[in-house]
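Numbered from 1 within each chain, the chains take letters A, B, ... in sequence-line order. Just so you know, these numbers come straight off a predicted model, no measurement behind them.
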2 protein chains.
Amino acid sequence: MKFNATNVRASASAADLIFEALREAIFTGEIRAGEHLRQDALADMFNTSRIPVREALSRLEQQGLVKTERYKGTTVTSLSVDEVREIFEFRALLEGEVIRYAVENMDDETIEKARRACDAFATETDSARYGELNRDFHYALYAKAERPYHLKIVSQALDRIESYLRAQLVLTDGMERARREHMGILNACSSRDADKAVALTRAHILGASESLIQFLQTRDSAK
Amino acid sequence: MKFNATNVRASASAADLIFEALREAIFTGEIRAGEHLRQDALADMFNTSRIPVREALSRLEQQGLVKTERYKGTTVTSLSVDEVREIFEFRALLEGEVIRYAVENMDDETIEKARRACDAFATETDSARYGELNRDFHYALYAKAERPYHLKIVSQALDRIESYLRAQLVLTDGMERARREHMGILNACSSRDADKAVALTRAHILGASESLIQFLQTRDSAK
DNA sequence: ATATTGTAGATTGTATCCAATTTTATGTTA
DNA sequence: TAACATAAAATTGGATACAATCTACAATAT
């Protein structure tokens, strides 16, 4: 595991940088579930003391991405299939409601913005950027819901499963289906059909869930 | 602001204790919105160094209860009326879904447990304990939903508005209405009527929201 | 009188060191 | 060889000390 300082913002504290670097490393799978993270090893990697490392780990722990036990260390948490399923159910409920609010306030400018994000998603070939571009599309629409608290909770839930989504996309071809489903959601929003947008959003999420769970089960039984 | 060590668990770290003490002090209103919390002052109060204080503040910040700015300090956050309204909308959505899952799995033992919690809520005269007993009742039912992630998010949302709920209950008499509504929800669960339980839960939450918002508006305009 | 500059205090962020406990390695004995 | 006791290493939690920056107030120049 290595880190460079190219993608940092100068105004952020060391703890912020370490937090984001570790978070991204967990997302990409560079740090795998179950792996041990030792504070002084991380401090050496980032050329800091353990203090900002501890703060970063504390934040990750609160988001559920790692778990720390005194005298033992910090390990990256893994989700059971049931936990993954529950989080997708949660997303379907919440994002369905959010898209309903969004359609209420929808305007042409937002539609255009979402269309561009949809195109960017469709034309991107690097599956590692799936998560980012997927969020760009959905958030372009969700922004119009004007429900900042809801959106923060959506982000939390997405973070929790991001590493699993990326692991799947390296091996499977869900992007083509996602692209089609995005188009459908966009069209429903464009025609101000709230019920349809909700139904398609829920189906989009629950379909991804089934696909991911199947992927996890075949992967785990293969071992 | 003073703290004693009577309500501590021996196994918890200093950071845990400080976190819970500050959290409770925010809930009770002992620490008010806008108030500045300085690290070394807190360290003196708790007879520790600033290190565990910082960790406690970091956790509070991620829950949205405080906000820290470098060189300036930490202040307790306040919610606008719009933010309060949104969180109640969020709760209605989420807790409605949770009670639906719960009714699916409902059994008589859970009903009895919830009935006892309902009675305890109804007979308690100390309004300061409203929050705790209210949660006891709802969680007794929600536990049967078997959706730990959903419940964690419900808790987060409740924490965010707990101080506002308590401030209201010192001055108004929402407890009698809450008691009646709890009875209704309990009966709906007892008769396994999921739709009714959902509707009553949503109405319970949205009614409390209206009541609280009205309270906040009259209080703020009175100044 | 007003604007500007400088200085001291206040406040958070980080480094270094110490304490407490678990885990692992080592040695001893049956 | 196996079991057990003991010591050494590893690891996190916390205390103390230092660095960086903001704020407030005073001093000074215009």
Side-chain angles (χ1 to χ4, degrees), chain A residues 1 3-5 7-23 25-26 31-77, chain B residues 1 3-5 7-23 25-26 31-77:
Chain A
M1 181 173 44
F3 299 99
N4 56 21
N7 55 347
V8 306
R9 296 162 315 188
S11 64
S13 69
D16 291 337
L17 302 180
I18 297 170
F19 169 73
E20 298 209 2
L22 290 177
R23 183 170 167 272
I26 291 171
I31 308 177
R32 294 184 187 178
E35 189 166 336
H36 279 70
L37 303 176
R38 295 191 209 84
Q39 291 178 3
D40 48 3
L42 293 172
D44 288 346
M45 286 183 199
F46 290 103
N47 279 317
T48 67
S49 74
R50 282 169 45 221
I51 298 288
V53 170
R54 284 175 49 179
E55 184 170 332
L57 290 176
S58 165
R59 286 191 227 170
L60 292 171
E61 180 160 23
Q62 284 173 67
Q63 302 201 355
L65 293 174
V66 304
K67 183 165 177 56
T68 297
E69 284 177 295
R70 190 169 189 181
Y71 311 125
K72 295 192 175 177
T74 302
T75 56
V76 178
T77 56
Chain B
M1 181 173 45
F3 298 99
N4 55 21
N7 56 347
V8 307
R9 294 163 316 187
S11 62
S13 70
D16 291 337
L17 303 180
I18 297 170
F19 169 73
E20 297 208 5
L22 290 177
R23 182 169 168 274
I26 292 171
I31 308 176
R32 294 184 187 179
E35 189 166 337
H36 279 70
L37 302 176
R38 295 191 210 84
Q39 292 178 3
D40 48 4
L42 293 172
D44 288 346
M45 287 183 200
F46 290 102
N47 279 317
T48 68
S49 74
R50 281 170 46 223
I51 298 287
V53 169
R54 286 171 54 84
E55 183 170 336
L57 291 175
S58 165
R59 288 191 225 169
L60 291 170
E61 180 159 21
Q62 278 181 60
Q63 300 202 357
L65 294 174
V66 305
K67 184 167 177 54
T68 298
E69 284 177 296
R70 191 171 188 177
Y71 310 126
K72 295 191 175 177
T74 302
T75 56
V76 178
T77 56

Checklist entry - A:Gln39 side chain N/O closer than 4.0 Å to the phosphate oxygens (OP1, OP2) of D:dG13? => result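 Yes, A:Gln39 has a side-chain N/O under 4.0 Å of OP1/OP2 on D:dG13.
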Next on the checklist: Counting only side-chain nitrogens and oxygens, does B:Arg70 get under 4.0 Å of the OP1 or OP2 atom of C:dG13?
Outcome noted: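 Looking at the OP1 and OP2 atoms of C:dG13, neither is under 4.0 Å from any side-chain N or O of B:Arg70.
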Spacing between [X] atom [atom1] and [N] atom [atom2], to the nearest angstrom:
X	N	atom1	atom2	answer
A:Glu55	D:dG13	CD	C1'	15 Å
A:His36	C:dT22	NE2	C1'	12 Å
B:Phe46	D:dG14	CZ	C1'	16 Å
A:Asn47	C:dT14	CG	P	14 Å
A:Ile18	C:dG13	CD1	C1'	12 Å
B:Asp44	C:dA10	CG	P	13 Å
A:Asp40	D:dA10	CG	C1'	9 Å
B:Leu42	D:dG14	CG	P	15 Å

Next on the checklist: Tell me if a side-chain donor or acceptor on A:Asp16 pairs with a main-chain N or O of A:Ser13 at a distance below 3.5 Å.
Outcome noted: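 Such a contact is found between A:Asp16 side chain and A:Ser13 backbone.
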Checklist entry - Taking atom types as they are modelled, is there a donor-acceptor pair under 3.5 Å from the base of D:dG14 to the side chain of A:Arg54? => result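 Indeed there is one.
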Item to check | Distance-only donor-acceptor test, A:Arg50 side-chain atoms vs D:dG13 base atoms, 3.5 Å | outcome: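 Such a pair exists between side chain and base.
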Checklist entry - Between B:Ala15 and B:Ala56, what is the shortest heavy-atom contact and its length? => result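 So the minimum-distance heavy-atom pair works out to O-CB, 3.8 Å.
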Checklist entry - B:Thr77 and B:Gly64: which non-hydrogen atoms are nearest, and at how many Å? => result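 It is OG1-O, 2.7 Å.
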Item to check | Contact nearer the 5' end of DNA chain D, comparing A:Leu57 with A:Ile51 | outcome: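 Nearest nucleotide further toward 5': that of A:Leu57.
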Checklist entry - Considering heavy-atom distances to DNA chain C, does B:Lys72 or A:Lys72 have its closest nucleotide positioned more toward the 5' end? => result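 Result of the comparison: B:Lys72.
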Next on the checklist: Of the listed nucleotides (C:dA20, D:dT21, C:dG13), which one gets closest to any side-chain atom of B:Tyr71?
Outcome noted: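 From the listed options, D:dT21 comes nearest.
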Checklist entry - Step by step, would you call A:Leu60 with A:Arg23 a side chain to side chain contact (heavy atoms under 4.5 Å, CB included)? => result CA-CA 7 Å; A:Leu60 292 171; A:Arg23 183 170 167 272; 4.1 Å; yes
Checklist entry - Roughly how far, to the nearest 0.5 Å, is CD of A:Glu55 from CD of B:Glu55? => result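 If I round to the nearest 0.5 Å, the distance is 9.0 Å.
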